[in-house]
Amino acid sequence: MLKDKIEQALNDQIRIEAESSQIYLAMASWAETEGLGGAAQFLYRHSDEERMHMLKIVQYVNERGGKAIIPALSAPEKNYKSLTNLFQTLLSHEIMVSGEINNLVEICLNEKDYTTHNFMQWYVAEQIEEEALARTIMDKLRMIGEDKGGLYLFDRDIESISIAQNTTQK
Ligand code: OFO
């Protein structure tokens, strides 16, 4: 049985993962309408992965005798100044998520819930991968700058990059 504090913290994390999925879906749609088909595909996949992260927690809460709450979500930003601006927003968002996951892990330790602590380790590892990938993408975009040819190649290459490739288990 989950303690109330843990159940609350996990439900907060369900909302964060659901919001991440919505934000990346809106980013994907923006990229698609800007003719950035490769970035759009990358972001659609990213959005799906965030939904999977949410689902894992929903099922974990319910399996442990708690009640997962499917939250209402606020409308995500729909316009970005550029692809660089979009990926900077994505990186900042992932840094925020990592902080929230660390808080959740700390709550698990304080409440001596080692099962949930163990469950959360997958998320800790996932955040390292996601932040690293977002930083690599930002480095590339900084290098490209205003170069249209560079942006064309970037958009072509990013289509085949997946966060899932970098993580060991899903
Ligand atoms: Fe759920 O990993 Fe990003 O936010």
Side-chain angles (χ1 to χ4, degrees), residues 2 6-32 36 38-64 66 68-80 83-109 113 115-141 154 157-170:
L2 288 173
I6 300 282
E7 186 173 339
Q8 177 63 52
L10 286 167
N11 271 313
D12 289 345
Q13 194 59 37
I14 287 172
R15 184 182 40 75
I16 291 169
E17 301 293 344
E19 262 165 7
S20 301
S21 180
Q22 283 288 91
I23 291 167
Y24 299 153
L25 181 59
M27 286 179 168
S29 182
W30 175 85
E32 195 161 52
L36 298 160
Q41 289 313 311
F42 171 85
L43 290 160
Y44 280 130
R45 278 200 305 275
H46 202 346
S47 171
D48 284 348
E49 287 185 18
E50 297 297 352
R51 186 177 187 282
M52 186 273 288
H53 297 174
M54 175 201 66
L55 200 56
K56 272 168 85 105
I57 308 176
V58 166
Q59 290 167 345
Y60 177 79
V61 169
N62 292 338
E63 272 165 17
R64 297 278 320 279
I69 296 165
I70 309 305
L73 301 173
S74 41
E77 178 59 58
K78 44 183 185 304
N79 287 314
Y80 291 91
L83 205 54
T84 307
N85 171 242
L86 181 153
F87 275 105
Q88 183 56 56
T89 307
L90 186 149
L91 173 59
S92 306
H93 183 79
E94 287 303 332
I95 292 170
M96 181 280 288
V97 174
S98 298
E100 294 298 326
I101 286 180
N102 286 341
N103 289 341
L104 213 168
V105 168
E106 197 181 326
I107 295 171
C108 293
L109 288 177
D113 183 341
T115 312
T116 305
H117 181 268
N118 188 41
F119 170 75
M120 287 309 298
Q121 293 314 300
W122 183 86
Y123 289 84
V124 172
E126 176 73 10
Q127 282 311 119
I128 295 169
E129 296 295 340
E130 289 195 13
E131 274 192 42
L133 180 57
R135 285 201 173 87
T136 307
I137 289 171
M138 278 307 294
D139 288 345
K140 285 195 206 303
L141 284 169
F154 171 88
D157 291 349
I158 197 173
E159 182 162 4
S160 54
I161 299 175
S162 148
I163 301 156
Q165 285 170 357
N166 300 339
T167 38
T168 42
Q169 49 164 157
K170 280 275 166 196

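In this text the structure is predicted, and so the values were computed from the model without any measurement. We count ligands from 1, going down the list as the structure has it; atoms in each ligand are counted the same way.
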* To do: Kindly assign one of parallel, tilted or perpendicular to the pair Y123 and F119, based on the angle between their ring planes and the thresholds 30° and 60°.
  => tilted
* Among side-chain atoms of T115 and R64, is any donor-acceptor pair under 3.5 angstrom? -> no
* To do: Identify, chain by chain and in numerical order, each protein residue with a heavy atom under 4.0 Å from an atom of ligand 1.
  => E17, S20, E50, H53, E94, V97, Q127, E130
* Might you point out which heavy atoms bring L73 and E19 nearest each other, and give the distance in Å? => CD2-CG, 3.7 Å
* Asked: Does any donor atom in the side chain of Q8 or D12 lie under 3.5 Å from an acceptor atom in the other side chain?
  -> yes
* Do R45 and E49 meet the salt-bridge criterion of a basic N to acidic O distance under 4.0 Å? -> no
* To do: Tell me yes or no: between the side chains of E131 and S98, is some donor less than 3.5 Å from an acceptor?
  => yes
